[in-house]
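In what follows, a structure is listed as structure tokens, so that the remarks can point back to it.
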Protein chains: 2
Amino acid sequence: MTGTKDRILAAGSELFRHGGYSGTGVKQIVEKAGAPFGSLYHFFPGGKEQLGEQVLRTSGMEYLQLVDLFLTPAPDLISGIEAYFAAGVNVLLETDYVEGCPIATVALEVATTNEVLRKATADVFTAWIDAGTEKLAIFGLPPEAARTLTISLINSLEGAFVLSRSMRSTEPMAVAGASVVDVARRLLAELGQDGKKQAA
Amino acid sequence: MTGTKDRILAAGSELFRHGGYSGTGVKQIVEKAGAPFGSLYHFFPGGKEQLGEQVLRTSGMEYLQLVDLFLTPAPDLISGIEAYFAAGVNVLLETDYVEGCPIATVALEVATTNEVLRKATADVFTAWIDAGTEKLAIFGLPPEAARTLTISLINSLEGAFVLSRSMRSTEPMAVAGASVVDVARRLLAELGQDGKKQAA
DNA sequence: GTCTATAACATGATAGAC
DNA sequence: GTCTATCATGTTATAGAC
């Protein structure tokens with residue numbers, strides 16, 4: 001049984017990342033959640049801003065699990081990266097370019113206009129970078145190289161979502177994947193490693 | 001002498017890219033432009049949407065000139081890319097992470113909510129890609145390689161603006177520059193070229 | 001805790017004097 | 001073409017019955 005609060009969070013997450021923070025009204029959110037209007041201010045006394053912050057932090061942590069889903073099963077670093085961006089292409093096609101990053105739309109909107117929400121987006125990105133850095137160790141990458149590659153991967157993914165969703169083309173996402181593979185290959189060559197999954 | 005219409009466009013450009021399309025009110029725009037409220041609907045009978053479209057197309061073409069500013073003077077491809085992302089770092093620092101891409105904020109906001117504005121952002125990105133592809137020919141890159149590298153560059157730049165502005169750190173922008181250099185080096189090696197500027 | 005009515009305000013847009 | 005007053009609507013938030 002899904003609680004009212006969770007339904008409000010889920011509805012907010014979808015509406016915020018599609019229409020933006022300013023572009024989404026609180027009535028729209030409770031309506032989509034099938035929740036009474038008063039419940040919003042019962043569960044989120046801080047109003048729209050508190051809801052926005054919770055939505056960012058919650059969906060940010062949910063998407064963190066996607067890293068495991070595609071990188072962990074891969075036999076080596078390169079095919080892990082390829083699987084990750086192939087999944088990005090699939091998301092674009094399967095949702096008709098509707099879905100992308102759950103954070104970026106709001107992140108750009110609030111970067112200079114709302115410090116509470118900006119901090120929430122920054123915390124999510126920081127968590128993603130730290131988790132990716134840790135995860136890439138399974139392919140033998142030392143911390144510094146793993147961090148650089150993770151940031152490069154997120155950079156390219158975020159930028160590709162902007163271009164691909166705007167242009168309604170998978171080309172930018174495909175190019176992004178190939179680019180990150182280039183970066184990974186250069187790193188591996190520099191380290192003299194093969195990028196195969198390490199024994200536990 | 002700056003016309004009223006131009007001042008409205010300039011004010012709209014700044015406010016839209018900072019606060020987003022939904023987050024910016026038309027009254028806010030005319031106030032910043034020092035223009036009478038009625039002038040907005042005189043010059044833009046289509047209202048906020050027509051203004052938004054004009055702002056996107058106009059500032060998109062203005063930023064196109066920045067490609068020339070940093071890539072053209074470079075003696076070779078690699079140092080051109082480095083100069084470009086160094087400029088990105090400077091913009092972040094000099095504006096205290098306020099300025100970024102004039103299109104991306106609105107692009108994510110309207111990608112699935114306003115087809116007129118989405119098309120405008122797509123046309124701008126397409127123009128950037130085409131212009132970059134053409135410009136990179138001065139370093140000897142054939143069209144296909146030039147297009148791939150241009151998309152990779154814009155991907156990384158856009159994503160780095162998202163992360164850097166959110167986290168208030170230049171690290172993502174610096175990583176982005178190094179990553180695109182990796183991609184360029186791989187392309188040059190594959191083509192057997194040196195990336196030096198070609199004679200006219 | 002659920003739900004509704006409504007307050008207080010901001011929004012995009014328009015009418016019409018000048 | 002400039003400028004102001006105003007409309008209708010949508011916004012966030014609150015009060016208070018149940």
Side-chain angles (χ1 to χ4, degrees), chain A residues 1-58 105-106 109-110 112-118 120, chain B residues 1-58 105-106 109-110 112-118 120:
Chain A
M1 156 196 166
T2 330
T4 302
K5 186 175 181 180
D6 288 333
R7 291 206 314 280
I8 293 177
L9 279 172
S13 176
E14 181 174 334
L15 291 170
F16 282 151
R17 71 173 179 265
H18 292 171
Y21 179 75
S22 305
T24 303
V26 289
K27 289 191 178 167
Q28 212 179 332
I29 295 173
V30 293
E31 186 183 9
K32 185 176 189 68
F37 186 73
S39 298
L40 196 156
Y41 286 88
H42 172 70
F43 292 113
F44 305 94
K48 189 184 187 183
E49 186 176 82
Q50 187 188 349
L51 171 61
E53 186 183 2
Q54 270 299 313
V55 161
L56 287 169
R57 296 188 185 279
T58 303
T105 306
V106 178
E109 226 182 328
V110 304
T112 59
T113 57
N114 187 315
E115 183 60 14
V116 171
L117 297 182
R118 193 230 97 213
Chain B
M1 156 196 164
T2 330
T4 301
K5 186 174 181 181
D6 288 333
R7 291 206 314 280
I8 293 176
L9 280 172
S13 176
E14 181 173 334
L15 291 171
F16 282 150
R17 72 173 179 264
H18 292 171
Y21 179 74
S22 304
T24 303
V26 288
K27 290 189 179 169
Q28 213 179 331
I29 295 173
V30 292
E31 186 184 8
K32 186 177 189 66
F37 186 73
S39 297
L40 198 157
Y41 287 88
H42 172 71
F43 292 113
F44 305 94
K48 189 183 186 183
E49 187 177 82
Q50 187 189 349
L51 171 61
E53 186 184 0
Q54 269 299 314
V55 161
L56 287 169
R57 295 189 185 279
T58 302
T105 306
V106 177
E109 227 183 327
V110 303
T112 58
T113 57
N114 186 316
E115 183 60 14
V116 170
L117 297 183
R118 194 230 96 213

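Below, chains carry the letters A, B, ... as their sequence lines are ordered, and counting in each starts from 1.
- Counting all heavy atoms, side chain and backbone alike, B/E53 lies closest to B/V116 at OE1-CG1, 3.5 Å.
- Side-chain atoms of A/E109 come within 3.5 Å of backbone atoms of A/S22 as a donor-acceptor pair (strictly under, hydrogens ignored).
- Two residues are said to be in side-chain contact when any heavy atoms from C-beta on lie closer than 4.5 Å; B/Y21 and B/E49 meet this criterion.
- Residue B/A35 comes nearest to B/T4 through the heavy atom pair CB-CG2, 3.7 Å, listed as atom of the first residue, atom of the second, then distance.
- The local environment of CD in B/E31 is sparse, with at most 12 non-hydrogen atoms from other residues, nucleotides or ligands closer than 6.0 Å.
- By the 4.5 Å heavy-atom criterion applied to side chains, B/L9 and B/F44 are counted as neighbours.
- Within residues 37-49 of chain B, the residues that have a heavy atom under 4.0 Å from DNA chain D are, in order of number, B/F37, B/G38, B/S39, B/H42, B/F43.
- Of the two residues contacting DNA chain C, namely B/V26 and A/K27, the nearest-nucleotide position lying further toward the 5' end is that of A/K27.
- Looking at heavy atoms from C-beta onward, A/F37 lies in side-chain contact with A/V26 at the 4.5 angstrom threshold.
- Along DNA chain D, read 5' to 3', the first and last nucleotides having any atom under 4.0 Å from a heavy atom of chain B are D/dG1 to D/dA5.
- In this structure, B/T24 reaches the sugar-phosphate backbone alone: every heavy-atom distance under 4.0 Å involves primed, P, OP1 or OP2 atoms, never a base.
- Side-chain atoms of A/I29 and A/F16, non-hydrogen and from C-beta on, do get closer than 4.5 Å to each other.
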